[in-house]
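Before any comments, here is the structure.
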Amino acid sequence: MMEPNPNPNPISSSLLLFLLFFTPTMVAPLGINYGQIANNLPLPESVVPLVKSIGATRIKLYDADPHVLKAFANTGVEFIVSLGNEYLSKMKDPSKAQSWVKNNVQAYLPATKITCIAVGNEVLTFNDTILTDNLLPAMQSVHTALVNLKLDKQVTVTTAHSLAILQTSYPPSAGAFRRDLVNCVTQIVDFHCKTGSPFLINAYPYFAYKGNPKQVSLDFVLFQPNSGIVDPESNLHYDNMLFAQIDAVHSALASIGYKNVCVQISETGWPSKGDADEAGATPENARKYNCNLMKLIGQKKGTPMRPNSDLNIYVFALFNENLKPGPSSERNYGLFKPDGSQAYPLGVPVINAVSTNSSSSGGSGSTPSASVPPASSSGYLAITSDSGTSLSPCKTLLLYFVSFGLWKKLDNYYHL
């Protein structure tokens, strides 16, 4: 293992100054996921200009890495910090929850703008009754800690879900949650309404194309010009799959009595490389997906069902992560390579030299509290699975594509 570079940020001062004030053409309320399951990533100090170069103003961490939170102090970048699934049982204890919030949130405020805590990741689709039973109590305990510390007005509590919590997603207007999860989801959404926190969904149109490349229109999933599809129930027109997925979630929420919940896409992205059986995982497709998505976000255009609502989307991910398990695509979702170079052209200034954080072990580096073990990013290790289980077989899904302007019903591609 290499010794740490004594100069943590070799980027020239003139370039850094330029980037700090540079406003790219893709200016937007863009979010980015900053995962660290790798041993070759740059030091957080060198990541600041990379984040600014793409116009990102929000970051979601899979932990509460102190090095990252300190590096972004006084930058104005908003943070979602996370508690891994392994924390849930411990967070039910109010004293442990308060200790964690003190050490991992309060300690960095107000210099670092932490606005949200994500408790667990895709818990409901693990089909683990213990994890599921612990989720809401853990969220409530963390929120109570924020109230006790008088931080609840500036920091909210939420959790991220896989799109696989949906039982029905076609047409988008008929979106509905899995019957076995309705009660649990209803309680969680009620918590969101009472505390003013967002409902987070991880959505990947890539999985639909990968599962059935001959039936799913590539232009439809890449935000490229296409004739689109029409929801036969609502008559709303959709020209991309992500918007259809988002509106299916809106419909599912409305079906349980919640029409005004703030929905945010906590993860979406496209891999630039994959195995032989991973159709569409190419640099060009990744470039089209992410660049078109960023442009769409910049237009502040809502979905057909919520045209006046700004999109709240976090792109996955900032870096390729070389220690992630699973197929090759898992290690190639990054906008940037570990050396700071772009994985494919993004239309922003290129930064080629960043310090490598050789002390990285592939974990998340969360600050441990006195009573809680260090966090890990295990909650997102396999984004191509339903949180620890294999992807739902394509035969259980409905895939649609446009042929002469008509829907072709094959399987439901909206939730994998």
Could you grab the distance from atom CG of Leu41 to atom OG of Ser46, nearest 0.5 Å is fine?
-> 11.5 Å

Distance in Å, Arg306 CZ paired with Leu311 CG, rounded so as to fall on 0.5 Å steps | 12.5 Å

Phe223: what forms a ring-ring contact (aromatic ring centres under 6.0 Å, His included) with it, not counting sequence neighbours?
-> Tyr289

Without hydrogens or angle criteria, can the side chains of Asn322 and Asn39 be said to hold a donor-acceptor pair below 3.5 Å?
-> yes

Under 3.5 Å: donor-acceptor pair, side chain of Asn320, backbone of Gly334 | yes

Using distance alone, with no hydrogens and no angle criterion, decide if Ser197 and His192 have a side-chain donor and acceptor under 3.5 Å apart.
-> yes

CD1-CG distance between Ile37 and Leu323, expressed to the nearest 0.5 angstrom | 8.0 Å

Criterion side-chain contact (heavy atoms from CB on, under 4.5 Å) on Asn202 and Thr268, from CA distance to verdict | CA-CA 6 Å; Asn202 299 337; Thr268 191; over 6 Å; no

How are the rings of Tyr204 and Phe316 set to each other: parallel, tilted or perpendicular (split at 30° and 60°)?
-> perpendicular

For the pair Tyr344 and Asn290, evaluate side-chain hydrogen bond (donor to acceptor under 3.5 Å, both in side chains) and give the outcome as yes or no after the intermediate values.
-> CA-CA 10 Å; Tyr344 39 83; Asn290 286 317; 2.7 Å; yes

Before accepting this row, confirm whether a basic side-chain N of the pair Arg178/Asp180 lies closer than 4.0 Å to the acidic partner's carboxylate O.
-> yes

Heavy atoms, side chains only, cut-off 4.5 Å: are Tyr34 and Phe319 in contact?
-> yes

Could you tabulate the donor-acceptor pairs under 3.5 Å formed by side-chain atoms of residues 72-81, not counting sequence neighbours?
| residue | atom | partner | partner atom | Å |
| --- | --- | --- | --- | --- |
| Thr75 | OG1 | Phe72 | O | 2.7 |
| Thr75 | OG1 | Val77 | N | 3.3 |

Quick one: CG on Leu242 to CG on Leu163, what's the gap to the nearest 0.5 Å?
-> 9.5 Å

Take atom CG in Asn260; do more than 12 heavy atoms of anything else shown fall under 6.0 Å from it?
-> no

Starting at CD of Gln342, measure out to CG of Leu50 and round the result to the nearest 0.5 Å.
-> 9.0 Å

